[in-house]
Amino acid sequence: MPNTIFVTKSRCTGCTSCAKACPVSCIDMVDRPKEPGVPWRKLAIIDEAKCIFCNACVEVCDKLAEKSKNKNVFHAITMVKEKVEGKTTVDVSLYKNVWIYAEMRHGKLVPTAFELLGLAKTLAGTLGEKVAAVIIGKDVARHCDELIAHGADIVYVIDHPTLENFVDELYTQALTDLIVKEKPNKLLLPASTIGRSFGSRVAIAANTGITADATELSIDPTTRMLHATRPSFGGNLMATILCEKHRPEMATVRPMAFPRSPREEGRKGQVVSVAVDSARWKQRTRFVRFEAEKGDAQDITSAEIIVAGGRGVGSADGFKPVEELAKALNGTVASSRAAVDAGWIPYRTQVGLTGRTVRPKLYVAAGISGQIQHLAGMSSSEVIVSINKDPECPLNKMATLSIDGDLFEVLPAITAEINRRRGH
Amino acid sequence: MNYFLTEEQQAVVETAREIAEKKIKPVREKHDAEETFPWEIVEELKKADLFGVYFHSNYGGLGGAGFELVLVVEELSKACGGIALCLAATALGAFPIILFGTPEQKKRWLPDLASGKRLGAFAITEPEAGSDATATKCTAKKDGNFYVLNGVKNFCSNGESAEIYSIFATTDPKRGARGISCFVVEKGTPGFTFGKKETKMGIRASTTYELVFDNCRVPAANMLGKEGYGLFVAQATFDISRPGVAAQALGIGTGAMNEALAYAKVRRQFGQSVLSFPSSQHMVADMATSLEAARALLYSVTRAMDVDLKAAVDASEQSGKTVYEELKRVSSGRWTKYSGMVKLFCSDTSFWVSDSAIQLCGGIGYMRDFPVEKFLRDAKITQIYEGTNQIQRNEIGMMITKELAAKPA
Amino acid sequence: MGIHIVVCIKQTPATSNIQIDPVTGTLKREGMAAAINPFDEYGIEEAVRIKERLPGTTVSVITMGPPQAEESLREAIARGADQAFHLTSRAFAGADTWATSYTLFKGIQKIMKEKGPVHLVICGKQTNDGDTGHVGPGIAAWLDWPNIAYVKKVESVDEKEIVVHRMMEDGVDVLEMDLPAVIAVVKEINEPRVAGLKGKMAAKKAVIPKWNEADIEADKKSIGLGGSPTIVSKSFNPPPRKGGVKIDGATAQDKAKALVDKLQEMKLI
């Protein structure tokens, strides 16, 4: 029997809550045929062909039932999920330890590894298991001490000249072989270009499930399963994903979503040098060269203080007060999509769903209204300051500190005030 | 208002509208300010097959006629009348070939014009010969299988950008109006160069050039129609091309009104939206009414003309005779009066509507970084080119007088 | 010669219409139109551009989705694709990225069986509803073909090899890859064209085969919700971040002073 979902007509009040909760907009509110004694005018209809059976509507409706005094309404949606038979399940007890993939990017260890190690320590603590890091590349053993100091109990080193630069197929084969041999329980990768590229390929090759771009992760102490929560629809809907019958449970984790694990001097760990059988590898992709981003551009994803300008700055020249404040704060300049699309500032500065995710200590937004796509990229900043002419704009409403006013007056005033206090 | 477009015509409108909105609007200010030719838009129009809407399918066209051209030009002009001209001026250059081309001539030039691979242009005006084309000084002297062109044409729209030019020159200066002939001259022909690039009040995204002919040898096979028939070629071309100018004008007027409405709706003064004042609403009522009247006239005239034009084009593809010959057979008479009327009415309407649009916006409407004042500058040319509106009135008046004279008392 | 390209697309809610309900702070779903996933538009455009520079190339599009997703396939034909294939069945519903990439893989195999070899599969970087970016690499894993994601430029392509630029956080990687292969493209790769008139006419007339799980010989245990290793255990709207303090002041200078006081208090300056 396929999955089924339906609305019990007599319990539906036509309140539209389910339609608003549905992530795939498969619920339509239709006019209700008139019936004596029924005051409701609308009725929810669910298009089963579009439904992803995520349960969002059921939860909303059930919550309303809990609150409602009238016990005859709400609790109107019934979902019956298909029973899956015969799908091979693995013996989960054979799988041990929480692994992280320590990303090497153009010869450098990416510090996201320390965020993943911090997270892995928490998860492994609940499970009573160990934390292991996997590092792949050429001459990468030199990073083992650093990974151990930040929380790895074991470091698997896959070192080979052909692995100098990231190539999807080779890295997939190297990591999959190790997974099959060592059977990790959980595997976390950074949701970076590299992690997102080959994470899903590894999942297919290792016959397991993967959650993309998780921002909250925890272990259910009873089932010992990984609960990976991720935003979808640009952060409008959070979904918690489980992988019940396959191991390792994999997730890519959004950079800057977790604090870095602190360095512990003298921490001990085991280094495992993984023997590779490169003759088996299919080498159908060849790395030609790397062209580094030109200029003194600082990577906004690692900035602690960011001053961002949006549509409100009006022009490329309009970024001047933004740059000056960033300089006064020792911060970095960023932007919203509107400013990038208008050609005022390069794409690499773009924060948001189609740009970078940032998590600075201080995020100053100037002339950014705060479209949901932008919020998706910066809402986990510690302190948010928003300066906007429109006091009703979403960013001013959600900011830690908001100022209603013209950025061209306010920003120079802030810059002047900071410089004055510093005695300039 | 529902004009009962066919499915294909609806697709033409939607495609042109999408290009206007997505591709033209973001670049119109830049091309206007810098007076640059919109080559990137030419590429978009090519990919979208819009150059071919009024060509017969034998040349890779969509098989439409004047009405399809009008629909495209109107939609593009709603965003920018200057950019729309790259397509509209190509049509003006193509019409002499469509009407008077032999099967060989049509095969030579129409496929590239229909695909947009090469743009077209039309040059009749000279420093001494504006409204009075009989004063043409540019000469074409026969030399064996060639004509040797000497002289200057000016104010040529699409000049330098286009590659296929319909040029008017006198083959017999003694015969005046009857001494003018029409030639197709391709860019790159030795002796054919470009002189001054004009800087203009409006339609600044269109190149306007002086064409210089210095002992330019053009094969006799490039002559359209017979020697001395040039003015027939020009007049027959204008009869079917003037709706194109009218469509440009109508698009400009509509675009101006749309921009003004969008602004007037959000602009608040004395605690209410500017649009809600009766004085504004009366202006808007007059603007919208006149534009709709212009559209109704333009559409009905073009559709009526197309009945004959399409029949003639189809017949010409069968018979091998020129479209002009077939047109004389199927048509009851010339379209000069009605095509003059649409050009006159649409362009005058466009100008005052664009003017009112600025007025409705107030101060901001006068500013260069607000997109309304440009519509007025662009609208002005539609009252001038392809026959000034004074010439249109002359012709309409003359045709009416002739009709009266022909009627038995 | 030329090559055969398959572009994988998905019909998703049009994001341009995303609006937030001012009262509840949640997404307004009413009247949200469905369209081709914006990232897939770049995939279609790139395939058509390859077709334009490599004569004899054929562009196929494939989607997995409900019956109404056929509109997106017709739109792809209007934008220059030659043929389209629709994987549609109730059994496909609720698939995660694992089961989706398996289903598309079986669909591509069916295309190869019926239309001959496929040289290149192009996917969008990710969808705007799921945002995973997993399906492209997943398809490559199933096909056992090499793949490159985050492609921002196709430098060259012929029957044997493709050279691409991959957008990295710190610059650009240039890679060569043997065909057949899979690439996933980012929006920087091109500017999609407006669908042309001839394409629109062809789209109206196109006959689009509809294939179900039996047609593509899919393992029933690997498709749809049941075949998905991951399940959504719960979905919820994120709690709105609480608004903070509004800084008032008579002049910009007063506001600036008050703000800098606060920032100093928080030790941010």
Side-chain angles (χ1 to χ4, degrees), chain A residues 2-3 19-20 22 25 49-50 52-56 82 84 86-87 168-169 193 196-197 200-201 204-205 208-209 211-212 232-233 236-243 246 284-293 361-362 372 379 383 397-403 405 409-410 413-414 417-418, chain C residues 13 18 20 26-27 29 32 66 90-91 94 97-98 129-134 137-138 140-142 146-150 168-178 221 225-226 229-238 241 243-247 252-253 255-257 259-260 262 266 268-269:
Chain A
N3 308 304
K20 283 174 189 150
C22 176
S25 50
K50 276 204 244 167
I52 57 164
F53 304 94
C54 72
N55 216 37
E82 176 187 16
V84 192
K87 177 102 188 164
D168 291 79
E169 209 183 1
T193 298
R196 291 177 74 148
S197 279
S200 63
R201 207 171 163 147
I204 306 273
T208 187
T211 302
S232 57
F233 289 93
N236 292 292
L237 186 85
M238 303 297 288
T240 303
I241 314 279
L242 302 183
C243 173
H246 301 258
R284 299 179 288 193
T285 314
R286 290 162 296 282
F287 189 92
V288 180
R289 64 177 185 275
F290 168 59
E291 294 167 0
E293 184 100 52
K361 288 199 172 114
L362 173 63
I372 193 80
S379 58
V383 173
K397 283 185 139 179
M398 64 90 80
T400 329
L401 302 167
S402 66
I403 294 181
E409 290 171 15
V410 178
I414 301 171
E417 183 63 24
I418 293 169
Chain C
I18 283 191
I20 309 206
T26 56
L27 266 186
R29 293 285 170 191
M32 248 169 84
R90 284 284 305 279
T97 57
W98 192 100
D129 55 349
D131 301 339
T132 70
H134 281 174
W142 284 110
N147 80 289
I148 297 170
Y150 299 93
M168 300 290 289
E169 287 88 345
D170 53 349
V172 170
D173 284 341
V174 181
L175 299 119
E176 298 170 355
M177 179 163 62
D178 296 342
K221 287 172 198 146
L225 187 70
T230 62
I231 55 157
V232 178
S233 78
K234 66 173 178 180
S235 306
F236 54 97
N237 289 305
R241 192 184 164 111
V245 182
K246 188 167 149 180
I247 294 180
Q253 281 69 30
K255 289 176 188 172
K257 270 188 195 132
L259 176 73
V260 177
K262 284 268 181 201
M266 294 171 171
L268 287 163
I269 299 182

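Note on naming: letters A, B, ... go to the chains in the order of the sequence lines (proteins, then strands), and numbering restarts at 1 for each one. Model, not experiment: these values are computed from the prediction.
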Is any side-chain heavy atom of [X] closer than 4.5 Å to a side-chain heavy atom of [Y]?
{"X": "C/V232", "Y": "A/N55", "result": "no"}
{"X": "C/M266", "Y": "A/L401", "result": "yes"}
{"X": "C/K255", "Y": "A/I414", "result": "no"}

To the nearest 0.5 Å, tell me how far [X] [atom1] sits from [Y] [atom2].
{"X": "A/T285", "Y": "C/I148", "atom1": "OG1", "atom2": "CD1", "value": "5.5 Å"}
{"X": "C/H134", "Y": "A/R196", "atom1": "NE2", "atom2": "CZ", "value": "6.5 Å"}
{"X": "C/D170", "Y": "A/E291", "atom1": "CG", "atom2": "CD", "value": "12.0 Å"}

Between [options], which residue shows the highest count of heavy-atom pairs closer than 4.5 Å to chain A?
{"options": "C/K257, C/Q253, C/M168", "value": "C/K257"}
{"options": "C/D178, C/I269, C/L259", "value": "C/D178"}
{"options": "C/I247, C/D173, C/L268", "value": "C/D173"}
{"options": "C/K246, C/E176, C/M177", "value": "C/E176"}

Looking at [X] and [Y], what are the two nearest heavy atoms and their distance?
{"X": "C/P137", "Y": "A/S200", "result": "CB-OG, 3.2 Å"}
{"X": "C/L175", "Y": "A/F287", "result": "CD2-CD1, 3.8 Å"}
{"X": "A/I204", "Y": "C/W142", "result": "CD1-NE1, 3.3 Å"}

### Query
For A/S197, is it the side chain, the backbone, both or neither that has a heavy atom under 4.5 Å from a heavy atom of chain C?
both
### Query
Non-hydrogen atoms of chain A under 4.5 Å away: do they reach the side chain of C/K262, the backbone, both or neither?
side chain
### Message
Below 4.5 Å, heavy-atom pairs only: which of A/T193, A/T211, A/I403 has the largest tally toward chain C?
### Response
A/T193
## Note on the structure
With sequence neighbours left out, the residues meeting salt bridge (Lys or Arg N to Asp or Glu O under 4.0 Å) with C/E169 are A/R105
